[in-house]
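Quick notes on the structure that follows.
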Amino acid sequence: MNHLLGLSTGFHDSSSCILDFQGNILFAASEERFSRIKGDSSFPVKSLNSASIFAKQNDMNISSLVVHENIFDQPSTSLFNGLIRPKAFLKSLYKTKSKYDDIINTSRRFDVDINNIFFSNHHLAHAYASIGTCTRKDGLILVLDAIGQRSSGLIGKVENNTIVEYSEIRIKNSLGLIYSAVTVFCGFKVLTGEYKLMGLAPYGVPRYIDQIKHVFGDPAKRLPNIADIDIFDDRLSSRKLSLVLGFQPRDFETPLEQRYADLAASIQLYLEQAVVELVNVAILNYGIDKNMSLFLGGGVALNCKLNLTLSEQFSDFFEYIWTFPASGDTGSSVGACIHYLAEKHVASDSLGLRSHDNYSIALSLGPSYNHLDTKHYLHSRSLVCHDLSDAIFNRLVKRLAKGDVGSVYDERSEFGPRALGNRSIIASPACNDALLFINRMIKNREDFRPLAPVVLEEEYKKYFNLPKNSEDMARYMLTLARSNESIVHDSSNFDTDVAEPQSSNHSLIPAVVHLDGTSRIQLLPQQQRNMMRLIVEYFFEETGIPILINTSFNVRGEPIVETFDDAIECFKSTSLAFMIINNNVIFRDEQDELALLSGPRLFSLD
């Protein structure tokens, strides 16, 4: 049977994927999982190697090659568009030639005729990643990121899973670039620090919202404008922003002062106001009817607080809101393939990743390691292991209830930036010190970073309030839910100068509710019979709490673990008490000290 091979490469988070011509995504993996370089933008050679193995294992013929954007249609390939400098222009020509050579070599490797290479469009690939993985057929599509080809997004109308009309959002109006500029101003790295800015925002108050509007424009009056951002500077500097704020950008890894938390809160509010305004205008311009859907795409769609705001603001208008769980450039390989199918009218009714019972989508799309004997592998590493059983599960959840932190490695890895149970670190949400312990002793990351709850779906309403139109997004940590209790963390022990927040009510789950009373929730449907669901059920039976902490299985600066070796090395170098690895479990306190010795693991700080 013929299949599509999709590629996303060149800017950040390269990936590859395999789809059939019915729109089913069969394999998808980002390059960083194999190269161990976070956000790896290089041509996805290692991911393609894995895709090739998967195709051969499953007797798949690759007949078409799809690239996530037109590599010949870039701002950097024109010397006269006002956005490029001569030196950068020459460099871009070389990069385009190199990328073209890589694509041609890939087509030869998979025996794809050169006439069967399809170049998508950057933002249409983002758009179709969302549209093609949603069961709803009609509504409004909104794509927002920093920059892609000659625009920063698009907005338009969807009918029967196809974009029938749209307009591009120009680079000069890029909300993604504005958010990234403030990310760097607050001392974080562009492309990897935006989610940190979102996590920092609840520690501040939006006292600088007027200053931000003065620099970038009031979204209620006109489209935001990046004229005061130097896009050729790696720090995306803005002299005007520093001037109106009255202080300078924070240096990377320096103490975090309250004013930067307030700035984070201000830019988060600005983003939300701007996007709500965009949607309101688009509803009128495109004649969007009530009870249609809102499809979101691009890196900005990974902003969970924004997604909550949209769900609440349009709870009486949009019946359903959705974004692809890998909505950034990682997922563009998938979106490009769905765009190809839409253009060819091959799969207009595609359900993409949706399972046959239509309750969820399946994101376990990484390489299969079923051919490896897990127990034999663990013994070869001199590790004592146990088969999972009812008695072992009860032992695990008792240890979790007492405060132990463990990890889960279960079969194929998830596609996208979120760990959803196949590559996860887990702990009890009832432990008051879990947040600091995991951030400091396990992940080695900033104290302010929140932890997410994974919840049995049938029990979540006892703890959280979630708009009905975003329940599907909540199955993939794509939005926030509000706690039913008013709870705020005491940050007096945090290693920052951020002001101590107000006191709060006691809660059964203090480790997973953020300062603003929200949680980046993950719902586990009853039909989802995987390892994570099983563990939470055992924990619920033991403690009466149907929730666990779920954070990604990695340390700061490291991509989420992919292979057995990645998982074992991460386990050995941290304070994890146990690790479930497929149908086996190892306990740290049962291992010989020599078996736990770990070599140096060096990752660039994100």
Side-chain angles (χ1 to χ4, degrees), residues 11-12 75 83 122-124 126-127 130 140-156 166-186 188 190-198 200-201 206 208-231 236-238 240-241 263-283 285 294-311 313-314 321 323 327-329 332 478-479:
F11 189 39
H12 62 97
L83 279 175
H122 187 97
H123 293 111
L124 287 175
H126 279 314
S130 178
L140 181 71
I141 175 66
L142 174 62
V143 174
L144 295 170
D145 61 11
I147 184 173
Q149 292 187 223
R150 298 179 182 273
S151 62
S152 67
L154 64 79
I155 192 162
Y166 72 94
S167 59
E168 293 184 335
I169 300 171
R170 292 182 291 182
I171 293 173
K172 72 174 187 177
N173 305 124
S174 174
L175 277 168
L177 274 175
I178 291 172
Y179 200 85
S180 291
V182 178
T183 295
V184 180
F185 196 100
C186 289
F188 307 119
V190 69
L191 299 180
T192 61
E194 286 81 359
Y195 61 93
K196 295 185 183 184
L197 194 72
M198 180 181 67
L200 178 62
Y208 300 118
I209 185 67
D210 290 339
Q211 288 89 331
I212 288 176
K213 289 179 179 178
H214 179 72
V215 176
F216 301 117
D218 186 342
K221 299 177 181 178
R222 63 179 176 87
L223 288 173
N225 194 290
I226 66 167
D228 290 297
I229 297 175
D230 185 353
I231 64 172
L236 297 174
S237 58
S238 169
K240 188 175 181 180
L241 182 60
L263 181 57
S266 302
I267 192 61
Q268 180 64 38
L269 177 60
Y270 182 83
L271 174 70
E272 292 167 21
Q273 290 179 347
V275 175
V276 167
E277 183 66 18
L278 272 175
V279 172
N280 276 321
V281 171
I283 287 172
N285 288 346
L294 174 61
F295 306 94
L296 303 171
V300 175
L302 289 171
N303 190 299
C304 297
K305 179 57 167 59
L306 168 64
N307 293 346
L308 172 63
T309 297
L310 291 172
S311 299
Q313 290 279 334
F314 296 99
I321 299 179
T323 186
S327 66
D329 280 11
S332 293
L478 295 171
T479 188

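Note that the structure is a prediction, hence the values are computed from the model and not measured. The first residue in the sequence is number 1, and the count goes up from there.
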Inset, instruction - Measure the NZ-CZ distance between K240 and F216 for me, rounded to the nearest 0.5 Å. - result: 9.5 Å
Legend entry - Over all atoms of both residues, closest heavy-atom pair of K196 and F188: CD-CD2, 3.9 Å
Legend entry - Closest contact, heavy atoms only, A265 versus A201: CB-O, 3.4 Å
Legend entry - Exam field: side chain N307 to backbone L302, donor-acceptor pair closer than 3.5 Å: no
Legend entry - From OG1 (T479) to CG (L308), nearest 0.5 Å: 5.0 Å
Inset, instruction - Apply side chain to side chain contact (heavy atoms under 4.5 Å, CB included) to N303 and Q268, showing your working. - result: CA-CA 9 Å; N303 190 299; Q268 180 64 38; 2.9 Å; yes
Inset, instruction - Evaluate the side-chain proximity of Y179 to V300: yes if any heavy-atom separation is below 4.5 Å, no if none is. - result: no
Legend entry - Qualifying residues under salt bridge (charged side-chain N to carboxylate O under 4.0 Å, His left out), relative to E272, sequence neighbours excluded: K305
Inset, instruction - Would you please name every residue forming a side chain to side chain donor-acceptor pair (under 3.5 Å) with S152, sequence neighbours left out? - result: none
Legend entry - Any donor-acceptor N/O pair, S130 side chain to L296 backbone, under 3.5 Å: yes
Inset, instruction - Please report the closest heavy-atom contact between L140 and G156, naming both atoms and the distance. - result: CD1-O, 3.1 Å
Inset, instruction - Scan V182, L306, I178 and name whichever one has a side-chain contact (heavy atoms from CB on, under 4.5 Å) with L271. - result: L306
Legend entry - Pairwise distance CG(N173) to CG(L278) - rounded to 0.5 angstrom: 9.0 Å
Legend entry - Minimum heavy-atom distance between I226 and S174, given as atom pair plus value: CG2-O, 3.6 Å
Inset, instruction - With sequence neighbours excluded, tell me which residues meet ring pair (Phe, Tyr, Trp, His ring centres under 6.0 Å) with H122. - result: H68, H126
Inset, instruction - Evaluate the side chain to side chain contact (heavy atoms under 4.5 Å, CB included) criterion for residues I209 and Q273: first the C-alpha distance (whole Å), next the side-chain angles of each, then the deciding distance (0.1 Å), finally the verdict. - result: CA-CA 11 Å; I209 185 67; Q273 290 179 347; 4.2 Å; yes
Legend entry - L236: partners by side chain to side chain contact (heavy atoms under 4.5 Å, CB included), with sequence neighbours left out: L177, S180, A181, V190, I229
Legend entry - side chain to side chain donor-acceptor pair (under 3.5 Å) partners for K172, two or more places apart: none
Legend entry - With sequence neighbours excluded, residues passing side chain to side chain donor-acceptor pair (under 3.5 Å) with T192: none
Inset, instruction - Enter the distance from F185:CZ to L241:CG here, rounded to the nearest 0.5 Å. - result: 5.0 Å
Inset, instruction - Would you give the length of the straight line joining atom OH of Y270 to atom CG of L175, rounded to the nearest 0.5 angstrom? - result: 6.5 Å
Inset, instruction - Apply the test side chain to side chain contact (heavy atoms under 4.5 Å, CB included) to residues V279 and F314: give CA-CA distance (whole Å), side-chain angles for both, the deciding distance (0.1 Å), then the verdict. - result: CA-CA 9 Å; V279 172; F314 296 99; 3.5 Å; yes
Inset, instruction - Measure the CG-CD1 distance between L144 and I169 for me, rounded to the nearest 0.5 Å. - result: 5.0 Å
